[in-house]
2 protein chains.
Amino acid sequence: MDNKLPTIKEIAKRLNVSVSTVSRALSDHPRIGLRTKMQVQQLAREINYEPNAKAISFKQQKSFVVGVILPYIREEFFSQAISGIEAAAIEHEYTILFGQSHDDPEKEKKMVEAMKKQRVDGLIISLSKQTNRYEHLEALEKYNIPVVYFDRVPPFAHAHKVYCNLFKGTVDMIGWLISRGYKRIALINGPDNLSASKERLKGYIEGVSKKKLKVDMQLVEKTDFSKESTHAAIINLLNRKQPPNAIITFNDYVHMDAVQCAQQQNVRVNQDIVFVSYANLPITGYTAFPPLVSIEQYPYGQGERAMEIMIKLLNKKAAEESAQKVYHVEEMPATLVMHPGGR
Amino acid sequence: MDNKLPTIKEIAKRLNVSVSTVSRALSDHPRIGLRTKMQVQQLAREINYEPNAKAISFKQQKSFVVGVILPYIREEFFSQAISGIEAAAIEHEYTILFGQSHDDPEKEKKMVEAMKKQRVDGLIISLSKQTNRYEHLEALEKYNIPVVYFDRVPPFAHAHKVYCNLFKGTVDMIGWLISRGYKRIALINGPDNLSASKERLKGYIEGVSKKKLKVDMQLVEKTDFSKESTHAAIINLLNRKQPPNAIITFNDYVHMDAVQCAQQQNVRVNQDIVFVSYANLPITGYTAFPPLVSIEQYPYGQGERAMEIMIKLLNKKAAEESAQKVYHVEEMPATLVMHPGGR
DNA sequence: TGACGCTGCGCAAACGGTTGCGCAGGGCGC
DNA sequence: GCGCCCTGCGCAACCGTTTGCGCAGCGTCA
């Protein structure tokens, strides 16, 4: 069995020309004679020649591979995001090197190192929940490996990022709830150190104040995303002297746990208390009690945009090497969606 | 800004030694003096030297990258599978190049080509539903790029594969149902051309016959996995002269659609008719009516095993180049799981 | 008829590492 | 004092491809 992939050298040998001639013939160089060109291309087709991308990328210092690091691919949000990334990548002939951080900054760092070793052209990343140091990522930029963040983006300005404005989204959601008569609105937020939590809380406070209601911090609970923690938050809220009549949960996963607990406590979900959430995941359509309203965060679109920005950066790099640093920051709308249906 | 990643050459120049010395010093070669070794390693650490995996893989004809092609990452089954693959990969310092086929044989073929171009060391793939030609994959084997299939595996024997024995699983499930007194058991199967469908049907027939009941093909319906098609199947079953008292659906996604429809038809799910399914996805724990019993197919474990087999193949390739062809075929148990709970 | 330009191709360096081999210098035994 | 081995390092080839440059042969024009 011929166990070697065909190379340009083989073609050269069999046609008694030099490798450079073959190389040029394949790329349709004007200085190669028509006869030679035809012969080369013919033989290349016959033996199923495929250029060795590794050799090319090695030579050209460009691999058409971009790294993608996500917290958890099993979260539908991220699996949709990577599909968006992939779609845009294919469009421009890029391939993606994939890794998960499992929301662990250490693993995230190791993945970044691995990607650097593999010399990806660029890196698209949604940060782990606990990440608060960015040296490993800034180091990449230093070496001209662009980094594009999406959804879970770093707090500073000198970065390319695409994300949803959850502050606005939250304000809108509060407005919607209040206009429907729900005035005791609770928030089950995530850990304080997450910027996502901060956005939600800011939006919550702004949304409530804007409607001339006073903010009651007794209605703001926290979860570390474990089922137990979410259940505890619900119990706490139900035990308030004046329990809420609307609960905003951090995301649809928290929502599902929250609803489960509320039911166990004999709450008539979406009647006694309405539940609203973030993410608008398709699976909630199959659950017993989907959130009445969810904030769509467009994971597919975010992924797609992130990749498009990446392509732009990579092309620019080739063109005007030392371009002035302009950071692409793209804020996507976070829109209210009612009654999320099936897939 | 120093925009170049540090190379071995730089170290050599700055230390006034040859590149070969640096290379050997870094790999702790015994013939390099202790002083030199220390100096080199010191400087390497200082300037954050990281070997260029592309150059190495180019030279060594080995990249420590394996391709992974899945139908849809958004199906929890596959996102869990890729996590298993990733875990095993990290263990052995491999990285994964990712792509989806979207259940389209054409896209699958293109992804395979892309991976070949990138010269992955091996390919792990779960076939698209419609794939019935395997030339593009067999071509890889010809060039010594091993292919390991999992879950959706090809029908022939000359392939490395890991999968669940759904035939046995189905027989077990039927046995369980009959022992509980459910004797009119329906099956909502997938398209005929899928081997997964064939397995289920064979298991269905065997399971029913084994219990001395006669097989009623009126109780076997099909779905193309669209919600409409599944709904139609349910309607058909409910309209039988003797409707079923148990329904086996192709997988948990079909289950969810099926239950939705049954409810609309005022069936008391899991009372009038019990629903059982395949896959045992965590999300069903959050749905209104999870399947009473589901066949666990261990996606994480399948992925992990597939990667381990891959590693073994790649190591063997290095060791005994022309080893006799032995195909790894790993059949995992498909176990019955009751009352699947939350995450 | 000599200078010049065009056509068609080959030579060789380069990308960043690895590795077989060679060589110099020193220590050792006989 | 000669041969031998050991230590410590450099030289150069190699992996597959691209690309700047050089060169030969031929036609053209002054």
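By convention in this document, chain letters (A, B, ...) are assigned in the order of the sequence lines, proteins followed by strands, and residues within each chain are numbered from 1.
Taken residue by residue, residues 42-51 of chain B places no heavy atom nearer than 4.0 Å to DNA chain D.
Separating the CZ atom of Arg24(B) from the P atom of dA12(D) is a distance of 14 Å, rounded to the nearest angstrom. Rounded to a whole Å, the CZ atom of Arg31(B) is 12 Å from the P atom of dC21(C). Remark: P of dT18(C) and CZ of Phe64(B) are 12 Å apart, rounded to the nearest angstrom. The NZ atom of Lys9(B) sits 13 Å away from the P atom of dA13(C) (whole-angstrom rounding). dC15(C) atom P lies 12 Å from atom CG of Asn52(B), rounded to whole Å. As a whole-Å value, the separation of His29(A) NE2 from dC21(D) P is 13 Å. The separation between Lys116(B) atom NZ and dG16(D) atom C1' is 16 Å, rounded to whole Å. In this entry the distance linking CD of Gln60(A) with P of dA13(C) reads 19 Å, nearest Å.
Side-chain polar atoms of His160(A) and Glu330(A) form no donor-acceptor pair below 3.5 angstrom. Side-chain contact annotation: Ser20(A) with Ser23(A), donor-acceptor N/O pair under 3.5 Å absent. Between Asp121(B) and Ser63(B), the side chains place a donor N or O and an acceptor N or O closer than 3.5 Å (distance only, hydrogens not considered). Residues Glu108(B) and His102(B) bring no donor and acceptor atom of their side chains to less than 3.5 Å of each other. Residues Asp103(B) and Gln130(B) have side chains that never bring a donor and an acceptor to within less than 3.5 angstrom of each other.
The aromatic rings of Phe58(A) and Phe58(B) sit tilted, their planes meeting at an angle between 30° and 60°.
The side chain of Thr36(B) contributes an N or O atom lying less than 4.0 Å from OP1 or OP2 of dC9(D). Contact annotation: Gln61(A) side-chain N/O to dG16(C) OP1/OP2 distance is under 4.0 Å. Side-chain nitrogen and oxygen atoms of Ser23(A) include at least one within less than 4.0 Å of the OP1 or OP2 phosphate oxygen of dT18(D).
Of the possible polar contacts, none joining the Arg152(A) side chain to the Ser126(A) backbone as a donor-acceptor pair under 3.5 Å is found.
Closest heavy-atom contact between Asn48(B) and Pro6(B): O-CG, 3.7 Å.
Mapping Ile32(B) and Ala55(B) onto DNA chain D by nearest heavy atom places Ile32(B) at the nucleotide closer to the 5' end. Each of Ile8(B) and Arg35(A) was matched to the nucleotide of DNA chain C holding its nearest heavy atom; the match closer to the 5' end belongs to Arg35(A). Heavy-atom distances to DNA chain D give each of Arg119(B) and Gly33(B) a nearest nucleotide, and the one nearer the 5′ end belongs to Gly33(B).
Among the heavy atoms of the strands lying under 4.0 Å from Val17(B) are primed sugar atoms or P, OP1, OP2 only; no base atom is included.
For the helix from dT1(C)-dA30(D) to dC30(C)-dG1(D), the rotation axes defined at the first and last 5 base pairs enclose an angle of 70°, given to the nearest 10°.
Salt bridge present: Glu308(B) and Arg305(B) bring a charged side-chain N and a carboxylate O closer than 4.0 Å.
With sequence neighbours left out, the ring-ring contact (aromatic ring centres under 6.0 Å, His included) criterion links Tyr94(B) to Phe64(B).
With dC11(D), dG17(C), dT17(D) as the choices, the nucleotide that has an atom nearest any side-chain atom of Ser20(B) turns out to be dC11(D).
Side chain Lys59(A) to base dT17(D): no donor-acceptor pair is found below 3.5 Å.
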